[in-house]
K.L.:
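This is the structure I want to talk about, given as structure tokens.
Every value quoted in this text rests on a predicted model; they were computed, and no experiment measured them. Below, chain A is the first sequence line, B the second, and so on; all start at residue 1.
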Amino acid sequence: MSPASQAKDAPLLEVKDLQIEFKTEGGVFRAVDGVSFSVRRGATLGVVGESGCGKSVSSLGIMGLIPTPPGRYAGGEVLFEGRDLLKMSAKDRRGLRGGRMGMIFQEPMTSLNPVYTIGDQIIESLRAHRRVNHKEARERAVELLDLVRLPSPSKRVDDFPHQLSGGQRQRVMIALALANDPELLIADEPTTALDVTIQAQILDLMRDLSDRTGAAIMLITHDLGVVAETCDEVVVMYAGRVVERASARDLFQAPMHPYTLGLMAAVPRLDEKGSRLETIPGSVPPPWAMPKGCRFASRCPLATQQCRAEQPPLRAIDGDRLVACWRAPIEEIAA
Amino acid sequence: MLRTIIDRLLLSIPVLLGVLLFGFLLLQLVPGDPARVVAGPTATPEIVAQIRQEMGLDRPVLVQFWAYLERMAQGDMGRSMISNKTVTSELGAAVGPTVELMLASLVWSVPIGIAMGTAAAVLRGSLADRVVMGLSVAGVSLPIFFISLLLIQYLGVVWPIFPFIGRPGPWYTPEGFMALFLPALSLGLILIGPVARMTRSSVLEVLKLDHVRTARAKGLSEIRVVLKHGLRNALIPVITLIGLQAGYLLGGAVVTETIFSWPGLGRLVVGAILSSDFTVAQGAVLLFALGFITINLIIDILYSILDPRVRK
Ligand SMILES: Nc1ncnc2c1ncn2[C@@H]1O[C@H](COP(=O)(O)OP(=O)(O)OP(=O)(O)O)[C@@H](O)[C@H]1O
Ligand SMILES: [Mg+2]
């Protein structure tokens with residue numbers, strides 16, 4: 001492989017051993033504890049895991065939007081084109097945010113400022129990153145609203161957020177995130193607040209964008225169906241850690257971590273009508289009582305003495321599969 | 001916007017009627033016989049009877065109230081029982097100085113209070129924050145007459161920089177401006193603390209909101225985030241507070257005007273009460289109430305400018 005093509009294949013975003021802590025009344029707890037993954041240009045990475053496992057905190061951490069305090073970056077690196085965002089000057093980092101990196105938040109109802117029109121909020125973002133006058137920015141804002149299929153965009157551009165429905169606000173948030181043609185789009189459950197038909201449209205929209213501009217997407221979701229449909233690679237998180245990383249095809253063909261397997265079993269299947277929705281028994285250990293061994297051990301049917309005593313590292317199995325489980329691969333055991 | 005204003009004006013009508021009723025009752029409840037009070041202690045019973053008839057006091061109460069409303073509608077509030085000038089002219093002369101004093105107090109204290117509160121919020125927990133909060137507690141707990149006396153003592157007597165008696169002219173004349181300084185300073189001081197504290201807590205609250213995170217995600221500078229997406233939204237409760245404090249400010253004006261011999265409504269009403277000049281006192285109370293209604297109207301208009309969600 002030539003050096004040039006290596007550089008081209010180098011990931012756009014590389015997260016290495018990211019650790020984020022929060023100080024709470026009960027003490028300091030680590031919401032993200034040593035998370036590593038990477039996103040290639042033009043690819044879509046899915047991040048899945050139960051509620052509270054640290055998906056949002058990881059993505060906010062990448063954007064540098066963790067409120068400090070109570071939050072704290074306790075370690076690790078976030079490399080964007082090889083440059084560590086955590087060590088960059090505040091000014092350089094601002095230049096990337098909203099410019100080459102865009103984010104769609106999980107909370108569409110509250111993520112827009114109620115006192116400005118949606119047009120003004122998009123224009124503000126455009127003008128923070130490009131030399132355009134107000135009129136040009138406004139035209140572009142209308143274009144963006146049209147792109148996210150907000151009806152009659154040239155009229156709605158002057159609407160205030162409260163005049164829009166939740167789904168429409170989410171579209172505006174997407175328009176905002178796309179405003180400056182980001183190379184990396186982080187979408188934190190962009191469709192959770194929307195009904196199913198709109199969900200599909202929004203996902204299409206993001207896929208279009210990726211195809212058109214070659215943007216990389218980090219898609220956080222609860223929905224494994226969405227992952228199967230949209231993502232190239234998948235990171236499975238559990239209690240602040242990555243438990244499995246694989247290409248989407250491999251993951252769905254042969255999940256290697258018992259937790260991943262459990263997640264998949266929890267997805268209702270259309271072909272097994274009437275069968276009960278299987279969920280993983282038990283619950284995530286609370287942050288103040290994290291076991292020193294594998295965090296999933298208390299819920300894992302395959303846990304052994306070693307699992308309870310020692311934290312399993314993320315290790316390579318079968319070449320490019322990464323799994324944090326002492327007993328992986330598990331197909332043989334399960335079979 | 002126009003809708004809002006008209007709505008608010010219409011809503012003010014019942015309040016205004018209530019206030020007029022109150023003013024009317026005030027004279028009804030005056031101890032003793034108003035006709036006798038007006039006539040003076042040496043008047044003969046015939047004269048008292050004549051005055052009673054002139055004032056319509058011998059007619060049924062409802063008829064009196066209607067006549068009173070008619071007179072009010074024509075701006076006729078009767079005559080001062082002391083100076084015999086019309087109440088309207090007495091009030092007219094006093095309104096200007098009071099409005100001037102209130103505006104002069106607001107114009108410096110509100111921006112400074114907001115700036116202090118914002119700085120304290122951004123620098124939360126720092127020494128600057130504690131100093132600002134400490135000062136504002138002191139400002140709230142010190143009575144206004146005490147502050148006024150301190151100011152007179154140091155800026156009027158020990159270092160005689162500013163005059164502290166009377167109002168030689170309107171604010172745009174040099175003497176008037178200098179004379180306005182100390183009263184406006186002491187009256188403004190009572191507002192600065194509450195405004196700073198309200199701004200601080202409001203800004204802190206707003207900075208936690210999701211839309212501020214969005215503003216940061218756009219790559220805006222921190223100062224822009226704080227001012228445009230934090231303070232701008234935080235002003236809504238601050239404005240409400242200023243509206244509520246306006247009553248306090250009017251009360252403060254009574255004290256300040258008395259201390260500084262400021263020829264405004266506050267001093268007029270105190271004088272009128274002390275000399276049992278009921279017609280003037282009644283007129284002043286009505287005017288205070290009208291002032292309240294006006295302030296609230298202005299607040300509502302500001303509110304709808306600041307918050308598009310309440311706009312029609
Ligand atoms: N500002 C904060 N202060 C304290 N704790 C926080 C803060 N933000 C997040 N956390 C905690 O960090 C943990 C991870 O939260 P996170 O929002 O990343 O979960 P998530 O995986 O996105 O869940 P969901 O699927 O429900 O969105 C949770 O326990 C949460 O309570
Ligand atoms: Mg989340």
K.L.:
Identify the heavy atoms of B:Trp171 and B:Glu100 that sit nearest to each other, and give their distance.
P.N.:
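Answer, listing the atom of B:Trp171 first, then B:Glu100: N-OE1, 3.0 Å.
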K.L.:
What residue, out of B:Lys208, B:Arg216, B:His229, has the most heavy-atom pairs lying under 4.5 Å from chain A?
P.N.:
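The answer is B:His229.
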K.L.:
Side chain from CB out, backbone as N, CA, C, O: work out which of these in A:Pro114 comes under 4.5 Å of a heavy atom of chain B, or both, or neither.
P.N.:
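For A:Pro114, backbone and side chain are both near chain B.
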K.L.:
Side chain, backbone, both or neither: which part of A:Gln163 has an atom under 4.5 Å from a heavy atom of chain B?
P.N.:
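No part of it gets close to chain B.
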K.L.:
Given heavy-atom pairs under 4.5 angstrom as the criterion, report whether the side chain, backbone, both or neither of B:Lys228 touches chain A.
P.N.:
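Interface part for B:Lys228: both.
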K.L.:
Between A:Asp146 and A:Arg140, does any NZ, NE, NH1 or NH2 come within less than 4.0 Å of an OD or OE carboxylate oxygen?
P.N.:
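A salt bridge is absent here (no side-chain N lies under 4.0 Å from a carboxylate O).
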K.L.:
Is A:Asp181 salt-bridged to A:Arg100, cutoff N-O under 4.0 Å?
P.N.:
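Not counted as a salt bridge, because no side-chain N and carboxylate O are separated by less than 4.0 Å.
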K.L.:
Using a strict threshold of under 4.0 Å (side-chain N to carboxylate O), is an ion pair present between A:Arg130 and A:Glu136?
P.N.:
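Between A:Arg130 and A:Glu136 there is no salt bridge, as every charged N stays at least 4.0 Å from the carboxylate O atoms.
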K.L.:
Determine yes or no for a side-chain-to-main-chain donor-acceptor pair under 3.5 angstrom, with B:Ser126 supplying the side chain and B:Leu123 the backbone.
P.N.:
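It does hold such a pair.
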K.L.:
For A:Phe29, look at atom CZ and say whether over 12 heavy atoms of other residues, nucleotides or ligands are found less than 6.0 Å away.
P.N.:
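Counting neighbours around CZ of A:Phe29, more than 12 heavy atoms of other residues, nucleotides or ligands fall under 6.0 Å, so yes.
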K.L.:
Quick one: does any side-chain atom of A:Ser210 pair with a main-chain N or O of A:Met206 as donor and acceptor, under 3.5 Å?
P.N.:
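Here the side-chain-to-backbone pair does not exist.
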K.L.:
Which bit of A:Leu96 is near chain B, if near means a heavy-atom gap under 4.5 Å: side chain, backbone, both or neither?
P.N.:
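Contact with chain B involves no heavy atom of A:Leu96 at all.
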K.L.:
Could you tell me which non-hydrogen atom of A:Arg127 sits nearest to which non-hydrogen atom of A:Val132, and how far apart they are?
P.N.:
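What the structure gives for the nearest pair is NE-O, 3.0 Å.
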K.L.:
Heavy-atom cut-off 4.5 Å, strictly under: side chain, backbone, both or neither for B:Leu220 against chain A?
P.N.:
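Contact with chain A: backbone and side chain both.
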K.L.:
Which region of B:Leu306, side chain (C-beta onward) or backbone (N, CA, C, O), has a non-hydrogen atom less than 4.5 Å from a non-hydrogen atom of chain A, or is it both or neither?
P.N.:
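Backbone only.
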K.L.:
Would you confirm whether A:Asp84, through its side chain, and A:Leu86, through its main-chain N or O, come within 3.5 Å as a donor-acceptor pair?
P.N.:
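Here the side-chain-to-backbone pair exists.
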K.L.:
Using a cut-off of under 4.5 Å for heavy-atom pairs, which of A:Val115, A:Thr117, A:Leu176 has the most such pairs with chain B?
P.N.:
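Of A:Val115, A:Thr117, A:Leu176, A:Val115 has the most heavy-atom pairs under 4.5 Å with chain B.
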K.L.:
Highest number of heavy-atom pairs under 4.5 Å with chain B: which of A:Met103, A:Gln121, A:Met101, A:Arg93?
P.N.:
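Max contact count across the listed options: A:Gln121.
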K.L.:
Give, as side chain, backbone, both or neither, the part of A:Leu60 having an atom under 4.5 angstrom from any heavy atom of chain B.
P.N.:
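The side chain, not the backbone.
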K.L.:
Based on non-hydrogen pairs under 4.5 Å, which of A:Glu107, A:Lys91, A:His162 is most in contact with chain B?
P.N.:
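Looking at each option in turn, the highest pair count goes to A:His162.
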K.L.:
If you count heavy-atom pairs under 4.5 Å with chain A, which of B:Glu222, B:Arg232, B:Arg309, B:Lys218 comes out on top?
P.N.:
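Option with the top pair count is B:Lys218.
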K.L.:
Which one wins on heavy-atom pair count under 4.5 Å against chain B: A:Ala128, A:Ser125, A:Ser111?
P.N.:
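Looking at each option in turn, the highest pair count goes to A:Ser111.
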